[in-house]
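Values below: every heavy atom of this structure, side chains too, minus hydrogens, waters and symmetry copies. Everything numeric in this text was worked out from a predicted model, so none of it was measured.
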Number of protein chains: 2
Amino acid sequence: MAKVTLKSLAKGLNMSVSTVSKALNDSYEISEETKSKVKAYATAHNYQPNIIAQTLKTGKTNTIGVIIPKMSSPFESQIIEGIQEAATKENFRVVIMNSMENEAMEKSNISSMVAKGVDGILFCPIHEHSNINLVKQISENTPFVIFDRTNYAIDTHKIGVLNTEGTHAACQHLFDMGHRKVAILGGAHQGITADRVAGYKQAHKEADIPVQEEYIIYLNVKSVAELHEGLSRNIQKLRNLPEPPTAVVGISDTITTHSLGILSQLGIKVPQEIAVIGFANTDLAFSLNPSLSTIYQPAKDIGAISFAKVLDILNKKYRNQIEWEDIKLPTTIQLRESTKINL
Amino acid sequence: MAKVTLKSLAKGLNMSVSTVSKALNDSYEISEETKSKVKAYATAHNYQPNIIAQTLKTGKTNTIGVIIPKMSSPFESQIIEGIQEAATKENFRVVIMNSMENEAMEKSNISSMVAKGVDGILFCPIHEHSNINLVKQISENTPFVIFDRTNYAIDTHKIGVLNTEGTHAACQHLFDMGHRKVAILGGAHQGITADRVAGYKQAHKEADIPVQEEYIIYLNVKSVAELHEGLSRNIQKLRNLPEPPTAVVGISDTITTHSLGILSQLGIKVPQEIAVIGFANTDLAFSLNPSLSTIYQPAKDIGAISFAKVLDILNKKYRNQIEWEDIKLPTTIQLRESTKINL
DNA sequence: TTGTAGGCGTTATCAT
DNA sequence: ATGATAACGCCTACAA
């Protein structure tokens, strides 16, 4: 079956290419009669416009790119799901690239996306300065929206969560359960860590509990192996303190869930010897033993809203007048077994 | 900064567009001297060929599509990671769409991909007949490669794992540990279930242990909620049998990990009261308590090989002469706490 | 209301 | 060895 183009339709209908084109695009210049005739004929022949040609002509690709540092935890999968659902509805396609927490890779991702053509980019940067000049430059033409790691110094829409409030609420809960010695496990060089530690400190201040600096741990999260080693070492260090913590807050999906594994490996009972709570979006929170108390992020919403926002920018004629939003969605605390014991 | 095209380069160099194009494409018709001059000038001006135009001209998109029923478990993330890595190396881009285990969505995914232009499609079908006629028809022009759920009746390359051998080995291990009453938890209407149950039966036959049909459970896996309900109900049913099983084999990531959660919720001790092993690719196998014995699939390889195979097809001139391969990669068993007790 | 012609950026064919 | 020209499929002034 030869491919059906505007030209072939035009020939079949004995009309000109432009008439057919205009009819299909509902141009006001075309009579209703011809329109319906053309449309009927087109569907009968299963006409599919060539999007490549459309793109070349209009400069619009109807594609948005997503650059994300990793895809391994459910948090990211859920964000992507949200993006895809929203994009599909608007007839956009989604190109995902993985920067693998590597700045050079991130750079090549960005360049490749621009080269191959995307209308906009949803971007979760490696860290707060990564490729900032490149992004600033490109964002003059191609709109960027920053998600998740929103402490990134470009003027645009940003969609993340109330990180400070999340850890604040977790600490508050631990305090309510009688804990006074609470450690926090963060990722080194992760932008979100700062905000989440801030919530931790603030909660302590409000509850009039002094912050012990040695309770604040920064872990290398580049690889699972390094994380394991670091977690194992630091948890033992915490346990050997004159005043070992009775509870611990994890700052990300990976850190929180893996802590639970390390604790079990070390034979430390949760929640009897130490309570655990942390950011985590995994469906497995329930399946862990003990089931894990979590700070849950509305990941799907982050994705959906990010897409909506980039579309907003694309639909604006004059981009220099947009008021940039820094959206912070609330987290929710889900209490399970791992924090169940009242001291 | 105005955009730099062949035309603008040509003007700057005082040459014709075609000379510049040929020089950049290393045509034998162009002298080395001009080539180097052109190339230097092009890089100096940061020339990036317009891929859209290239595509329109050549009909090649350098894009491959991936259609996958879900992205929620690590198994899928790892496959996608493998695809993306391989594709990036070959300068291909990857478009991922999620069929959400829904046949209508799958259909729209396929159509949309074809419409928007991909050179080939990596396809994990919902089930063995889903959209088979559509796929057969489209695959005349756009090559398909089937991955993971390879029991799908089209002639093409297929990449999966040795499902039968996987469960066979798991059962064998359980038998070695002294178990004789082994249940298996599969997904209803999942193609892979059949093969994996076959391995279960075969292992029983070889070990001369009769297969008890009531030990073979088919679960509704459409949603986490339904899975939970089904698992909870069936596990209790198994426990109430005159001869309750002492071990259970899970047939997928989700089923296996969630069983562990349900068992803990029901207060059933693993591995003391029941041993658990199953297909699972999660990094959390270790973090679970008890740590989970798993049948691990080389998911990243599945992805990488699938991409390589579709590239193979694209590079062949005469596709009707290709000998289709049905590649089955071996799984590996990782033994941990959840099967540790010797009966 | 319809048709003609030109162009988006590239590649390929054919002259020079 | 280089250049002119047409074409990929579509859109859109502009002309009729």
Side-chain angles (χ1 to χ4, degrees), chain A residues 1-39 41-42 45-63 91 114-119 141-142, chain B residues 1-42 45-63 91 93 114-119 141-142:
Chain A
M1 187 172 66
K3 68 187 130 189
V4 26
T5 68
L6 280 185
K7 199 196 259 179
S8 72
L9 289 182
K11 189 157 22 166
L13 284 158
N14 253 319
M15 303 201 251
S16 79
V17 172
S18 54
T19 307
V20 176
S21 167
K22 285 175 187 165
L24 291 172
N25 288 311
D26 261 331
S27 163
Y28 64 95
E29 311 174 51
I30 303 292
S31 70
E32 283 308 323
E33 197 189 331
T34 8
K35 272 188 196 173
S36 53
K37 194 158 44 171
V38 170
K39 284 182 185 172
Y41 191 84
H45 288 69
N46 193 27
Y47 168 70
Q48 300 283 59
N50 179 322
I51 299 197
I52 305 295
Q54 256 172 351
T55 297
L56 178 61
K57 181 65 193 176
T58 60
K60 275 208 60 186
T61 62
N62 256 47
T63 300
N91 206 23
V114 174
K116 296 195 177 175
V118 291
D119 294 339
N141 306 305
T142 305
Chain B
M1 188 171 65
K3 70 187 132 189
V4 26
T5 68
L6 280 186
K7 200 196 261 179
S8 72
L9 289 183
K11 188 156 23 166
L13 284 159
N14 253 319
M15 303 201 252
S16 79
V17 171
S18 44
T19 306
V20 176
S21 168
K22 284 175 187 165
L24 291 172
N25 288 311
D26 263 330
S27 162
Y28 65 96
E29 311 175 58
I30 302 293
S31 70
E32 284 306 323
E33 197 190 328
T34 359
K35 272 188 196 173
S36 52
K37 193 157 47 171
V38 169
K39 284 181 186 171
Y41 191 84
H45 288 68
N46 191 27
Y47 169 70
Q48 300 283 58
N50 180 322
I51 299 196
I52 304 296
Q54 261 173 348
T55 298
L56 178 60
K57 182 65 193 179
T58 60
K60 275 207 61 186
T61 62
N62 257 47
T63 300
N91 206 22
R93 74 197 247 169
V114 174
K116 296 195 175 175
V118 290
D119 294 339
N141 305 305
T142 304

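In terms of position along DNA chain D, the nucleotide closest to Ser31(B) lies nearer the 5' end than the nucleotide closest to the other residue of the pair Ala53(B) and Ser31(B).
Between the CG atom of Leu24(B) and the C1' atom of dG9(C) there is a distance of 13 Å, given to the nearest Å. Between Leu9(A) atom CG and dC11(D) atom C1' the separation is 15 Å, expressed in whole Å.
Here Thr34(B) lies in heavy-atom contact (under 4.0 Å) with sugar-phosphate atoms only. Using a 4.0 Å heavy-atom distance criterion, Leu56(A) is classed as a base contact. Residue Ser21(B) is in base contact, counting any heavy-atom pair closer than 4.0 Å across all strands shown.
Using a 4.0 Å cut-off, some side-chain N or O of Lys7(B) falls inside it from OP1 or OP2 of dC8(C). Phosphate proximity of dC11(D) to Gln54(A): present, with a side-chain N or O under 4.0 Å from OP1 or OP2. Contact check, Tyr47(B) against dG9(C): no side-chain N or O comes under 4.0 Å of OP1 or OP2. Considering only side-chain N and O atoms, Asn25(B) lies under 4.0 angstrom from the phosphate OP1 or OP2 of dT11(C). Here Thr19(B) does not reach the OP1 or OP2 of dT2(D): none of its side-chain N or O atoms lies under 4.0 Å away.
Checked by distance alone, Lys57(B) brings no side-chain donor or acceptor within 3.5 Å of a matching partner on the base of dT10(C).
Among Ile51(A), Ile52(A), Leu56(A), the single residue meeting the side chain to side chain contact (heavy atoms under 4.5 Å, CB included) criterion with Gln54(A) is Ile51(A).
Here OG1 of Thr5(B) is found 9.0 Å from CG of Asn50(B). Values are rounded to the nearest 0.5 Å.
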When you compare the protein's N or O atoms with those of nucleotides 13-16 of chain C, which come within less than 3.5 Å of each other, and at what distance?
{"unit_1": "dT13(C)", "atom_1": "O4", "unit_2": "Lys22(B)", "atom_2": "NZ", "d": "3.4"}

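More than 12 heavy-atom neighbours from other residues, nucleotides or ligands sit within 6.0 angstrom of CD on Glu29(A).
Side-chain atoms of Thr142(B) do not come within 3.5 Å of backbone N or O of Asp119(B) as any donor-acceptor pair.
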